[in-house]
Number of protein chains: 2
Amino acid sequence: MSKQMREAAAAANAQAIARLRAAGLRPTRQRLELARHLFTGPDRHVTAENLHGEVVGAGIKVSLATVYNTLHQFTGAGLLRQVVVDAARGYFDTNTGDHQHFFLEDEGTLIDIPGDAIAVSGVPQPPSGLRIDRVDVVVRVTREN
Amino acid sequence: MSKQMREAAAAANAQAIARLRAAGLRPTRQRLELARHLFTGPDRHVTAENLHGEVVGAGIKVSLATVYNTLHQFTGAGLLRQVVVDAARGYFDTNTGDHQHFFLEDEGTLIDIPGDAIAVSGVPQPPSGLRIDRVDVVVRVTREN
DNA sequence: CTGTCATAATAGAATTATTCTAAACTGATT
DNA sequence: AATCAGTTTAGAATAATTCTATTATGACAG
C-alpha cells in the first residue's frame, strides 16, 4: 500500500468517525466496518442478512443482531432510508379498482385515495425484458404533534 | 324476517355462489361466510387476523389457515387486492435523497428512480390532525409474458 | 496509563405473521 | 348412496426480526 493510499484510507476513516459522532453514535469497530461497506462506492440497497453475509464473508466479526441494530441506528441518523416493498402484515382491500392509499402509521390503518384524484407521472421505461405490473403509492401520515 | 328480506338474502347468496364458481372456487360454507363479511357493505381493508377475529366473533367456525387461504384465493380471483405498507424484509437504501423505486418482483431487487424524473400529483389533504410523512412510490415490474 | 462507567455487541431465546403438512371432511357428480 | 378431487383444519415449521441478559469495549477522569 502506497503512502497516498494509506492517507486516503485514513481520511475516509476519519470522515466516517466524524459522521458517526455527529449522529451520537460511538464509532465502534463494527459500526465503522459496516459504514465502510455501505458507503464506499455507489449507492446500494441491502437487507440485514445480505449485509451481514457480505461483511462476515470479508472476514469481519459482527453478529446479525448488531447489523440489525446498526442499520436502524443509521436510519435514525438519516444515513440510510428504509424501503418498503413486501408485506409483513397482509392488508387486503375489497376495492380492486384503480386507487392508492393513505397509511396511518400510528394506527396501522388504511384510507383509500381515489384513482382519479392522484396521478404518478414520469415513470421511466423499466429495464428491458420487464413490464410494469403496477404502480403503488403509499402516502404515510402521522399525528401532527 | 320478512319474505322480502329472505328473498334479498337468497339472491345475495346466489350471487356470491356464482362469483366463486366463476373463479373456479367451490362455494363452501367458509368461503361464502367470508365473502359475505368482506363484500357486504362498503369497501374495507382487512388483515387475516382481524377478519378471522370478526367472523369467529360472529359465531362462525373457520380456522385462521382457511382465512389465509381464502384471502389469497380471492386475491387470485381478482376479488381482492393486497396492499403493501409494512416491511416483511427490511431493505435499506444508502441513497437518502428524494427518489423512488422499481421493485423487480421475480428477483427481489430494487432499482432507483431519480426523484426529478417521477412525480406524484393530486395527493388529497390528509385527514385532519395528520401530516404527510412521506410519499412512497413502488413500481412493481415482472418478466414480460 | 489504569479504573470506571455508560454504551455497545453478542448468543440465543422469543415473537410475529405466515405458510406448510398431513389427516379428516365435504360438495359435486356418478 | 359411493366416489373422489377439492377443502378445511390443527398444529408444526419457517423466516425475519426483536428482545434479553450477559459480556465486552470505548471514552474520559484521575
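The chains referred to below are lettered A, B, ... by the order of the sequence lines, with proteins before strands, and numbering in each begins at 1.
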### Note: A:Arg134-B:Glu105 ion pair, threshold 4.0 Å (strictly below)
no
### Task
Look at A:Arg31 and C:dA9 and indicate whether a side-chain polar atom (N or O) is within less than 4.0 Å of OP1 or OP2.
yes
### Query
More 5' along DNA chain C: B:Thr47 or A:Lys61, using each one's nearest nucleotide?
A:Lys61
### Centroid separation B:Phe92 to A:His72 less than 6.0 Å
yes
### Query
Should B:Arg143 and B:Glu107 count as an ion pair when the cut-off is N to O under 4.0 Å?
no
### Task
For B:Ala65, report the nucleic acid contact type (base, sugar-phosphate, nothing); a contact means any heavy atom under 4.0 Å.
base
#### Entry: Whole angstrom value for the distance that separates P of C:dA9 from CZ of A:Phe74
9 Å
### Task
Name the closest nucleotide to the A:Ala48 side chain, picking from D:dT9, D:dT8, D:dT17.
D:dT17
### Task
Check every strand shown and say whether A:Thr28 touches a base, only sugar-phosphate, or nothing at a heavy-atom separation below 4.0 Å.
sugar-phosphate
### Query
Is B:Tyr91 reaching over with its side chain to a backbone N or O of A:Arg81, donor-acceptor style, under 3.5 angstrom?
no
### Message
How many whole angstroms separate atom CG of A:Leu51 from atom P of D:dT17?
### Response
12 Å
### Task
Identify whether the distance between the nearest side-chain nitrogen and carboxylate oxygen of B:Arg131 and A:Glu144 falls below 4.0 Å.
no
#### Entry: Residue pair B:Leu80 / B:Phe39, side-chain heavy-atom distance below 4.5 Å
yes
### Query
Between atom CD in B:Gln30 and atom P in C:dA24, what is the gap in whole Å?
18 Å
### Query
Between D:dT18, D:dT9, C:dA9, which one does the side chain of B:Ser63 approach most closely?
D:dT9
#### Entry: Candidates C:dA17, D:dA27, C:dT18 - which lies nearest the side chain of A:Pro27
D:dA27
## Note on the structure
Rounded to whole Å, the CZ-C1' distance (A:Arg29 to C:dT10) equals 11 Å
### Task
Tell me whether the OP1 or OP2 atom of C:dA28 has a side-chain N or O from B:Arg21 closer than 4.0 Å.
yes
### Most 5' of A:Asn69 and B:Val67 on DNA chain D, judged by nearest nucleotide
B:Val67
### Whole angstrom value for the distance that separates C1' of C:dT10 from CG of A:Leu64
11 Å
### Query
Can you tell which of C:dT18, D:dT8, C:dT10 lies closest to the side chain of A:Thr66?
C:dT10
### Task
Have a look at A:Arg26 and say if it touches a base, only the backbone sugar-phosphate, or nothing, with a 4.0 Å heavy-atom cut-off.
base
### Task
Measure from CD on A:Gln82 to P on D:dA16 and round the result to the nearest Å.
15 Å
### Sugar-phosphate, base or nothing in reach of B:His52, heavy atoms under 4.0 Å
nothing
#### Entry: Atom pair distance, as rounded to whole Å: CD in B:Glu49 and C1' in C:dT15
12 Å
### Task
With the side chain of B:His72 defined as its heavy atoms from C-beta on, choose the nearest nucleotide among D:dT9, C:dA9, C:dT19.
C:dT19
### Message
Counting only side-chain nitrogens and oxygens, does B:Tyr68 get under 4.0 Å of the OP1 or OP2 atom of C:dT18?
### Response
yes
### Summary
Rounded to whole Å, CG of A:Leu20 lies from P of C:dT7 at a distance of 16 Å
